[in-house]
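Here's the structure we're looking at; comments come further down.
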Amino acid sequence: MTDLSRFPITGKWPAAHPERLQLYSLPTPNGVKVSIMLEEVGLDYEAHRVNFDTRDQHSPEFLSLSPNNKIPAILDPDGPEGQPIGLFESGTILLYLADKTGQLVPQTPQAYYQALQWLMFQVGGVGPMFGQIGYFHFFAGKELEDKRPLQRYVDEAKRLLGVLDKRLEQREWIMGEDYSVVDIAILPWVRNLVYRYDAGELVEFANFPHVDRTLQAFLERPAVQRGLKVLA
């Protein structure tokens, strides 16, 4: 049997199936990116809920795997060279799973790096900007009288959606005809912006029909529907 006892995180979240990939997460946009990816590629995994209400993300056990105290994180008992590996940061985890399985990522160097740049587009732009709209429009920041911070992020979200809409104008998915890890990275954030943060009208989402069309196709995928329910 696989022994994961040298990883402190398994003391707080024991692995019932240590031979499986261990996922530590919540159903946030970054969290569901990884659960959806796992469902799409068909890897066996065991999911553990990191409860923010009890500040699990600040526990020594969680910080031993994710020092930035953010979900998701994974512990793969079958890592490179057959050795266990722990990883944090959702973009890194998505790329790791794509490389590990050879699925949902282009296999030629040219196309691979084209996909990588769009993955970075999500990590550096879409996630942070849409998340700020969540704070200033839906969560505690909505109480602020000064609406300039919200407007700044709304303007940037519109710009990013415009970039995506132009990209999707003549493409089925962000990378072309093939669904990929890039769609899994970006579309959960679009979903949250529109349906969780209720910001569709605020960012004039109706002006981005190609993004909406792709989002709806994404949400119809069975693996996406399963991934969205993990730890919900």
Side-chain angles (χ1 to χ4, degrees), residues 4 6-10 12-13 15 20-41 43 45-52 55-81 83-106 112-135 156 160 164 174-175 180-193 196 224 227-228 230-231:
L4 298 178
R6 68 182 178 89
F7 293 91
I9 196 166
T10 63
K12 187 174 179 66
W13 291 277
R20 300 180 185 175
L21 185 145
Q22 305 294 306
L23 169 66
Y24 307 91
S25 191
L26 277 177
T28 67
N30 282 334
V32 300
K33 282 155 53 174
V34 175
S35 56
I36 289 170
M37 183 69 176
L38 286 165
E39 290 292 334
E40 291 281 11
V41 300
L43 282 177
Y45 68 99
E46 182 177 351
H48 305 275
R49 186 179 184 87
V50 181
N51 194 336
F52 285 2
R55 296 176 62 83
D56 283 351
Q57 74 273 28
H58 295 287
S59 66
E61 294 88 351
F62 187 71
L63 291 173
S64 71
L65 187 61
S66 180
N68 197 33
N69 66 269
K70 302 294 184 182
I71 60 97
I74 65 167
L75 176 55
D76 184 2
D78 182 28
E81 301 177 339
Q83 297 300 310
I85 186 173
L87 294 171
F88 68 99
E89 286 296 331
S90 58
T92 298
I93 295 170
L94 288 182
L95 194 59
Y96 169 77
L97 295 173
D99 288 341
K100 176 184 175 73
T101 62
Q103 298 184 53
L104 300 178
V105 65
Y112 183 90
Y113 285 106
Q114 290 289 322
L116 187 59
Q117 70 182 354
W118 284 99
L119 188 60
M120 296 303 104
F121 171 81
Q122 184 275 305
V123 171
V126 169
M129 296 301 105
F130 290 12
Q132 292 291 348
I133 288 181
Y135 177 78
E156 181 63 3
L160 293 167
L164 278 174
I174 295 170
M175 294 311 299
S180 76
V181 66
V182 174
D183 303 292
I184 296 173
I186 292 175
L187 293 171
W189 275 106
V190 179
R191 170 183 176 265
N192 239 53
L193 180 72
R196 170 65 170 150
V224 171
L228 288 171
V230 174
L231 299 174

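Remember, predicted model here, so these are calculated numbers, not experimental data.
In this structure, the side chain of Ser66 does not engage the main chain of Phe62 through any donor-acceptor pair within 3.5 Å. Between the side chain of Glu81 and the backbone N or O of Gly79 there is no donor-acceptor pair closer than 3.5 Å. Looking at Asp56, its side chain never comes within 3.5 Å of a backbone N or O of Val50 through a donor-acceptor pair.
Counting heavy atoms from C-beta on, the side chains of Leu116 and Leu95 come closer than 4.5 Å. Looking only at side-chain heavy atoms (C-beta outward), Pro29 and Arg196 stay at 4.5 Å or farther from each other. Counting heavy atoms from C-beta on, the side chains of Gln122 and Met120 never come closer than 4.5 Å. A 4.5 Å side-chain heavy-atom check between Ile74 and Tyr45 finds every atom pair outside the cut-off. A 4.5 Å side-chain heavy-atom check between Gln57 and Phe52 finds at least one atom pair inside the cut-off. Contact check for Leu228 versus Ile36: side-chain heavy atoms found under the 4.5 Å cut-off. Within the 4.5 Å cutoff, the side chain of Gln114 has no heavy atoms near those of the Pro106 side chain.
Between the CG atom in Leu87 and the CG atom in Leu75 there is a gap of 9.0 Å [rounded to 0.5 Å]. How far CG of Leu43 is from CD of Gln103: 7.5 Å, rounded to the nearest 0.5 Å. Note that CE of Met175 is 6.0 Å distant from OG of Ser180, once rounded to the nearest 0.5 Å. To the nearest 0.5 Å, atom OG of residue Ser25 and atom NZ of residue Lys70 are 13.0 Å apart. Here the straight-line distance linking atom CG of Asp183 with atom CG of Leu104 works out to 9.0 Å at 0.5 Å rounding.
Nearest heavy-atom pair across Gly227 and Val32 is O-CG1, 4.3 Å. The shortest non-hydrogen separation linking Leu26 to Arg49 is CD2-CZ, 3.4 Å. Here the closest non-hydrogen pair linking Val182 and Ile174 is CG1-CG2, 3.6 Å.
For Phe121, the ring pair (Phe, Tyr, Trp, His ring centres under 6.0 Å) partners are Trp118, not counting sequence neighbours. Looking at residues two or more places apart in sequence or on another chain, you find a side-chain contact (heavy atoms from CB on, under 4.5 Å) between Pro77 and Thr2, Leu4. Residues meeting the side-chain contact (heavy atoms from CB on, under 4.5 Å) test with Pro80, sequence neighbours left out: Ile85, Tyr96. With sequence neighbours excluded, the residues forming a salt bridge (charged side-chain N to carboxylate O under 4.0 Å, His left out) with Glu39 are Arg226, listed by chain and number.
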Could you list the donor-acceptor pairs under 3.5 angstrom formed between side-chain atoms of residues 185-192 and any protein atom two or more places apart in sequence or on another chain?
from: Trp189; atom 1: NE1; to: Asn30; atom 2: OD1; distance (Å): 3.1
from: Asn192; atom 1: ND2; to: Tyr197; atom 2: OH; distance (Å): 3.3

Is there a side chain to side chain contact (heavy atoms under 4.5 Å, CB included) between Leu23 and Ile93 once you walk through the steps?
CA-CA 10 Å; Leu23 169 66; Ile93 295 170; over 6 Å; no
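Under the side chain to side chain contact (heavy atoms under 4.5 Å, CB included) rule, Val41 has a single partner from Val181, Thr101, Ile184, which is Thr101.
Within the structure, salt bridge (charged side-chain N to carboxylate O under 4.0 Å, His left out) contacts touching residues 94-106 (residues at least two apart or in different chains) are Asp76-Lys100, Asp78-Lys100.
Tyr24 and His48 have parallel rings, their planes meeting at less than 30° on a 0 to 90° scale where 60° marks the start of perpendicular.
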